[in-house]
Amino acid sequence: MGKANNLLADVYDKTDPHNGRFKGGELYAIEHVITYFESDRPSCYKMARNALDGWDNSTKMSHFLALGNLSARLLWHHLKRYESRYGANESTYWIGFELLWREYFQWLALQLGTQLYRFEGSAEHEPVTQYFEDRFIQWCEGNTLYPLVNACMKELNSTGYMSNRGRQIVASCLVNELGIDWRFGAAYFQQQLIDHDVASNWGNWQYIAGVGADPRGGRHFNIEKQTQQYDPDGHYINKWQVEE
């Protein structure tokens, strides 16, 4: 155990405030749910949900859901009780919407079966991407030409976590800027994320790559625009010591 603990200490950045806060287990999950819905955070969720950093900017329920410490049904119950007590607004709506989006991916994965992992997904034609080893390694290590992408990947590698906005940005970069087969990104996320959920992860990667349920044919995020919008002062990039 001593050697394993030392290895974990090497992986996690002790200066990051998220470290030590991702705890597992049903008791801690229920405590977290109660604490969350006793605060005003649910009513402010929509304003903060796209932030790249900050513990309070998302519900931090995903790892509990992924590990089975918390059921979506229980979380839905607490959300509706919160709305009955304090009122519903766009923020509480979005918490519920994202729970339903997660539920959709669970049922979609059951329907697709192994098609969830196919290069062409549900599309009629394969994407115009392939595997470039050097580019993929640079992406994994946070050593691309894009400082924001690098920061996101370094956070993922150091903590096992990344914001939802960050996940979309780095996925779009892998597929659109680097031209790499989306499945390699999905597999890397599966390896690294502490809140990995098969259906949500692979379903969202299909969505970004344009081979999933989205009729728009994929999502391409302008990385410079995303940087200006979500990290205009470079605080997040500087936090992860990414050189521009």
Side-chain angles (χ1 to χ4, degrees), residues 22 45-46 48-53 57-68 70 72 75 94-123 126-129 131 136 139-140 142 144 146 148-149 151-153 155-157 159-223 226 230:
F22 286 105
Y45 175 75
K46 187 175 186 293
R49 61 186 286 271
N50 280 313
L52 292 169
D53 202 13
N57 289 331
S58 67
T59 67
K60 297 301 185 293
M61 305 285 185
S62 58
H63 64 298
F64 293 130
L65 289 166
L67 294 170
L70 175 67
L75 186 52
W94 271 100
I95 294 174
F97 178 83
E98 290 179 357
L99 271 175
L100 292 174
W101 189 234
R102 178 184 181 277
E103 186 74 5
Y104 168 77
F105 277 130
Q106 307 304 311
W107 289 101
L108 180 65
L110 286 173
Q111 179 183 11
L112 293 178
T114 58
Q115 191 176 351
L116 185 65
Y117 312 101
R118 288 171 53 188
F119 183 37
E120 65 273 26
S122 302
E126 293 184 349
V128 188
T129 54
Y131 178 63
F136 180 62
W139 180 83
C140 291
T144 72
Y146 309 99
L148 182 61
V149 172
C152 290
M153 296 305 295
E155 179 183 13
L156 173 63
N157 293 334
T159 69
Y161 185 80
M162 187 195 305
S163 68
N164 179 62
R165 173 61 50 174
R167 297 180 199 201
Q168 295 182 73
I169 292 170
V170 302
S172 174
C173 177
L174 182 84
V175 172
N176 297 298
E177 268 67 44
L178 303 181
I180 294 175
D181 181 341
W182 65 272
R183 295 173 299 174
F184 287 91
Y188 191 72
F189 270 24
Q190 179 166 327
Q191 172 184 285
Q192 299 295 99
L193 286 171
I194 60 173
D195 62 354
H196 178 261
D197 173 88
V198 172
S200 296
N201 178 48
W202 289 80
N204 272 303
W205 271 94
Q206 281 196 352
Y207 167 74
I208 292 290
V211 296
D214 187 0
R216 290 174 291 181
R219 299 296 305 279
H220 190 176
F221 289 82
N222 183 312
I223 299 175
Q226 295 289 310
Y230 296 107

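- Under the ring-ring contact (aromatic ring centres under 6.0 Å, His included) criterion, Trp182 pairs with Trp202, not counting sequence neighbours.
- The list of salt bridge (Lys or Arg N to Asp or Glu O under 4.0 Å) pairs with a residue in residues 106-118, not counting sequence neighbours, reads Arg118-Glu120.
- The structure places CG of Leu52 at 8.5 Å from CZ of Arg165, a figure rounded to the nearest 0.5 Å.
- Side-chain contact check for Tyr117 versus Leu112: every heavy-atom pair is 4.5 Å or farther apart.
- With sequence neighbours left out, the ring-ring contact (aromatic ring centres under 6.0 Å, His included) criterion links Trp94 to Phe97.
- Looking at heavy atoms from C-beta onward, Ser163 lies out of side-chain contact with Asp53 at the 4.5 angstrom threshold.
- From Gln206, atom CD reaches atom CG of Asn201 across 10.5 Å, with rounding to the nearest 0.5 Å.
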Evaluate side-chain contact (heavy atoms from CB on, under 4.5 Å) for Ile208 paired with Phe221, printing each intermediate quantity in order. CA-CA 9 Å; Ile208 292 290; Phe221 289 82; 3.9 Å; yes

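- The shortest non-hydrogen separation linking Val211 to Pro127 is CG1-CG, 3.6 Å.
- Taking the side chain as every heavy atom from C-beta outward, Trp205 and Val175 approach each other to under 4.5 Å.
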Quick one: do Phe64 and Thr59 satisfy side-chain contact (heavy atoms from CB on, under 4.5 Å)? Show the steps, please. CA-CA 11 Å; Phe64 293 130; Thr59 67; over 6 Å; no

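- Cys140 contributes atom SG, which lies 9.0 Å from atom CG of Leu156 (distance to the nearest 0.5 angstrom).
- In this view, Glu177 satisfies the salt bridge (Lys or Arg N to Asp or Glu O under 4.0 Å) rule with no residue, not counting sequence neighbours.
- Within the model, atoms CG of Leu116 and CZ of Phe105 stand 9.5 Å from one another, a figure rounded to the nearest 0.5 Å.
- Without hydrogens or angle criteria, Gln192 side chain to Gly160 main chain gives no donor-acceptor distance under 3.5 Å.
- Side-chain polar atoms of Asn157 and Tyr188 form a donor-acceptor pair below 3.5 angstrom.
- With sequence neighbours left out, the side-chain hydrogen bond (donor to acceptor under 3.5 Å, both in side chains) criterion links Tyr207 to Arg216, Arg219.
- Qualifying side chain to side chain contact (heavy atoms under 4.5 Å, CB included) partners for Asn164, counting only residues two or more places apart in sequence or in other chains: Gln168.
- Residues in residues 187-207 take part in these salt bridge (Lys or Arg N to Asp or Glu O under 4.0 Å) pairs, two or more places apart or across chains: Arg102-Asp197, Arg167-Asp195.
- What you find for Glu155 and Met162 is that their closest heavy atoms are OE1-CA, 4.3 Å.
- Remark: the Asn204 side chain and the Ser200 side chain contain no N/O donor-acceptor pair separated by less than 3.5 Å.
- Residue Thr129 holds its OG1 atom at 8.5 Å from CG of Leu174, rounded to the nearest 0.5 Å.
- Evaluation of the side-chain hydrogen bond (donor to acceptor under 3.5 Å, both in side chains) rule for Thr144 yields Asn150 as partners, not counting sequence neighbours.
- Atom OH of residue Tyr161 and atom SG of residue Cys152 lie 11.5 Å apart, to the nearest 0.5 angstrom.
- Scanning both residues, Ala123 and Gly210, for their nearest heavy atoms gives CB-O, 4.2 Å.
- For Glu126, the side-chain hydrogen bond (donor to acceptor under 3.5 Å, both in side chains) test picks out no residue, with sequence neighbours left out.
- With sequence neighbours left out, Tyr131 forms a ring-ring contact (aromatic ring centres under 6.0 Å, His included) with Phe136, Phe184.
- Here the closest non-hydrogen pair linking Leu65 and Leu70 is CD2-O, 3.4 Å.
- Scored by the ring-ring contact (aromatic ring centres under 6.0 Å, His included) test, His196 finds no partners at all (sequence neighbours excluded).
- With sequence neighbours excluded, no residue forms a side-chain hydrogen bond (donor to acceptor under 3.5 Å, both in side chains) with Trp139.
- When only modelled atom types and interatomic distance are considered, Glu98 and Tyr45 share a side-chain donor-acceptor pair under 3.5 Å.
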